[in-house]
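Below you'll find the structure, written out as structure tokens, and then a few comments.
Proteins come first, then strands; the chains are lettered A, B, ... in the order of their sequence lines, and each starts at number 1. No hydrogens, no waters, no symmetry mates; every other heavy atom, side chains included, goes into these values.
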There are 2 protein chains.
Amino acid sequence: MPRVTKNYKDRKKEIVDTATRLFTTIGYENTTIERIIEEMSVAKGTFYYYFPSKEAILESVANNILDDLINNAQGLANNTQISISQKLEMIFSPTNNSNKTAQEITETLHHTENSKLHQKINVNLVLRLSPILVEIIEQGINENLFEVEKPLETVQFLLVGAQFLFKEQLFSWDKDEYKQRRLAMKQILERSLGSEEDFFKFLL
Amino acid sequence: MPRVTKNYKDRKKEIVDTATRLFTTIGYENTTIERIIEEMSVAKGTFYYYFPSKEAILESVANNILDDLINNAQGLANNTQISISQKLEMIFSPTNNSNKTAQEITETLHHTENSKLHQKINVNLVLRLSPILVEIIEQGINENLFEVEKPLETVQFLLVGAQFLFKEQLFSWDKDEYKQRRLAMKQILERSLGSEEDFFKFLL
DNA sequence: TATAGCTTGACTGACGGTCAGTCAGGATAT
DNA sequence: ATATCCTGACTGACCGTCAGTCAAGCTATA
């Protein structure tokens with residue numbers, strides 16, 4: 001095989017990109033290191049020069065996916081043009097996923113046996129997204145839209161529920177079951193955050 | 001190796017028991033088929049005579065663990081001696097796990113590298129435990145202790161939150177972080193279920 | 001032209017899974 | 001009673017796959 005030398009950063013990014021594509025396409029467990037290097041046309045050793053294990057690149061991929069997601073959310077939180085209600089809609093709405101990466105996650109990633117990747121992403125999603133969400137909630141508290149004692153912890157609980165119940169393909173709800181659960185979540189959100197009724201009408 | 005013949009049911013149970021013990025001790029991924037058969041003193045083929053794959057026995061083990069859990073909960077729901085508050089405490093309390101199997105789950109199972117087993121158990125736990133929980137909630141509604149529009153769907157959301165945030169070792173909260181999250185859950189439960197304040201004081 | 005950084009690919013060992021064959025003990029025929 | 005056949009549980013050598021290793025080779029650049 002002809003030898004192509006690249007600098008550290010570029011090669012590493014190339015590996016992460018390739019792995020990300022494969023993990024989100026055919027799943028973590030179905031992706032072999034051999035497949036990754038084959039698609040990159042490099043040798044086995046090259047992969048292990050950059051990553052000590054398959055777990056390690058899972059970590060990188062998960063963080064990469066999350067970085068995008070968090071950046072989007074942070075942009076949303078900072079945006080003064082958008083109403084609080086709309087911000088929450090874009091984060092909580094089970095159907096609406098504006099950003100491309102979230103699409104990847106919800107659609108392709110979740111089909112199969114990807115529990116390891118899921119877990120890594122979900123845990124960090126909750127930990128990293130919740131502070132941003134709290135910024136939004138606190139805007140709402142200042143405007144007397146909400147009333148909660150423990151915004152951060154409350155938001156984390158709600159996020160976990162939303163994430164695992166809707167975003168994952170773990171539960172295969174049909175259309176009506178899905179709607180019923182959305183309605184329940186609407187009430188839970190409104191009551192937990194102490195908003196007025198129908199504040200989360202986008203969940204109707 | 002000397003040949004020992006047993007009847008189908010006994011041998012199958014023996015395999016499930018051995019696998020359960022190993023899965024909950026050293027984890028699913030760390031448990032090899034070879035280890036299972038070694039501990040049973042049977043040959044590889046014997047295992048595959050009873051189970052078509054490692055996944056298949058995971059399924060059996062998960063269901064087994066759940067059966068115990070669900071039976072306990074159902075017994076609890078049917079028990080007329082215990083107050084509704086106490087029943088909910090025993091199911092929702094993050095620390096109190098009376099039954100042995102739940103102990104196994106929370107302590108050993110969750111170490112790491114068990115995402116597959118976790119997911120299988122959690123999903124089915126939510127699906128199977130929620131109807132039982134609804135029985136209890138509806139007792140409460142009759143006694144005017146609660147007011148909720150969609151008990152089943154609400155309970156499922158709350159269960160998911162409690163399960164993933166507390167029962168798993170996914171988030172490694174320290175003592176105080178733990179307490180804060182319990183307090184947040186207390187308010188969420190009380191508000192979502194429309195109970196009076198401090199109904200869930202066991203979470204204090 | 002020396003060397004640090006990058007790359008190669010043959011090799012290893014672990015593990016899930018396969019399969020042809022063994023064997024005890026029960027049923028059936030003589 | 002006993003020879004023959006059959007079934008269902010069991011055996012273990014073997015296979016393919018795949019993560020991870022390593023000694024050696026190339027190449028940019030100082």
Side-chain angles (χ1 to χ4, degrees), chain A residues 1-23 25-62 112-117 119-120, chain B residues 1-62 111-117 119-120:
Chain A
M1 197 186 267
R3 175 180 290 240
V4 180
T5 301
K6 301 194 178 180
N7 71 53
Y8 191 86
K9 241 187 75 192
D10 287 351
R11 183 66 92 192
K12 189 154 190 173
K13 182 175 183 327
E14 193 186 347
I15 296 176
V16 172
D17 288 346
T18 307
T20 303
R21 181 165 49 74
L22 288 172
F23 288 178
T25 302
I26 60 176
Y28 173 69
E29 300 209 349
N30 297 325
T31 301
T32 63
I33 303 297
E34 252 137 31
R35 178 74 184 276
I36 294 175
I37 61 168
E38 180 202 315
E39 302 222 351
M40 292 177 61
S41 301
V42 295
K44 199 72 164 288
T46 302
F47 176 89
Y48 283 95
Y49 181 75
Y50 290 90
F51 294 94
S53 68
K54 198 185 175 187
E55 283 267 351
I57 191 160
L58 170 64
E59 198 75 39
S60 283
V61 168
T112 40
E113 310 302 316
N114 251 347
S115 42
K116 231 173 186 165
L117 180 48
Q119 231 172 56
K120 280 237 153 75
Chain B
M1 198 186 266
R3 189 183 194 106
V4 181
T5 301
K6 302 193 177 180
N7 72 52
Y8 191 87
K9 240 186 75 191
D10 288 350
R11 185 65 94 188
K12 189 154 190 173
K13 181 174 182 327
E14 193 186 347
I15 296 176
V16 172
D17 288 346
T18 306
T20 302
R21 182 167 47 76
L22 287 172
F23 288 178
T24 57
T25 302
I26 61 175
Y28 173 69
E29 301 208 349
N30 297 325
T31 302
T32 63
I33 304 297
E34 253 136 32
R35 177 77 184 274
I36 295 174
I37 62 167
E38 180 201 314
E39 302 222 349
M40 293 178 59
S41 301
V42 295
K44 199 75 164 283
T46 303
F47 177 89
Y48 284 97
Y49 182 75
Y50 289 91
F51 294 93
S53 66
K54 198 186 174 187
E55 283 268 351
I57 192 161
L58 170 63
E59 196 77 39
S60 282
V61 168
H111 272 311
T112 28
E113 312 307 312
N114 252 348
S115 41
K116 233 172 183 165
L117 181 49
Q119 227 172 57
K120 280 235 153 77

* **Upstream residue (5' side of DNA chain D) when A/Thr5 and B/Ser41 are each assigned their closest nucleotide** =>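 With A/Thr5 and B/Ser41 compared, the 5'-side residue is B/Ser41.
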Whole-Å distance separating the [atom1] atom of [X] from the [atom2] atom of [N]:
| X | N | atom1 | atom2 | value |
| --- | --- | --- | --- | --- |
| A/Ile57 | D/dA19 | CD1 | P | 12 Å |
| B/Tyr50 | C/dG16 | OH | P | 20 Å |
| A/Glu55 | D/dG20 | CD | P | 8 Å |
| B/Lys6 | D/dT11 | NZ | C1' | 16 Å |
| A/Asp10 | C/dG5 | CG | P | 17 Å |
| B/Lys54 | C/dA14 | NZ | P | 15 Å |
| B/Glu29 | D/dA19 | CD | P | 12 Å |
| B/Ile37 | C/dG17 | CD1 | C1' | 11 Å |

* Structure fact -> Contacts of A/Thr46 and B/Pro52 projected onto DNA chain C by closest heavy atom; the upstream (5') one is A/Thr46
* Upstream residue (5' side of DNA chain C) when A/Glu34 and A/Ala43 are each assigned their closest nucleotide ->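 Of the two residues, A/Ala43 wins.
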* Asked: Can you tell me how far the CZ atom of B/Phe51 sits from the CG atom of B/Leu58, to the nearest 0.5 Å?
  ->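 Those atoms lie 11.0 Å apart.
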* Between A/Arg11 and C/dT7, is there a side-chain N or O to OP1/OP2 distance below 4.0 Å? ->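 So the side chain of A/Arg11 is within the cut-off, an N or O lying under 4.0 Å from OP1 or OP2 of C/dT7.
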* According to a strict under-4.0 Å criterion, is A/Tyr49 in side-chain N/O contact with OP1 or OP2 of C/dC6? -> yes
So if I take every side-chain heavy atom of [X] and compare against [options], which nucleotide ends up nearest?
| X | options | result |
| --- | --- | --- |
| A/Tyr8 | C/dC6, C/dG17, D/dT11 | C/dC6 |
| A/Ile33 | D/dC10, C/dT8, D/dA19 | D/dA19 |
| B/Lys44 | C/dT7, C/dT22, C/dT18 | C/dT18 |
| A/Tyr48 | D/dG20, C/dC6, C/dG16 | D/dG20 |

* Under 3.5 Å: donor-acceptor pair, side chain of B/Lys54, backbone of B/Thr31 -> yes
* Ion pair present between A/Glu38 and A/Arg35, side-chain N to carboxylate O less than 4.0 angstrom? ->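 Looking at A/Glu38 and A/Arg35, the cut-off is not met.
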* To do: For the pair B/Glu55 and B/Lys116, find out whether any cationic side-chain nitrogen is under 4.0 Å from an anionic carboxylate oxygen.
  =>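 Yes, charged N to carboxylate O under 4.0 Å.
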* To do: Answer with yes or no whether A/Arg3 presents, from its side chain, a donor or acceptor under 3.5 Å of a partner atom in the base of C/dT7.
  => yes
* Asked: Base, sugar-phosphate alone, or nothing: which one does B/Phe47 contact when heavy atoms must sit under 4.0 Å apart?
  -> nothing
* A/Tyr49 and A/Tyr8 aromatic ring geometry - parallel, tilted or perpendicular at 30°/60° bounds -> perpendicular
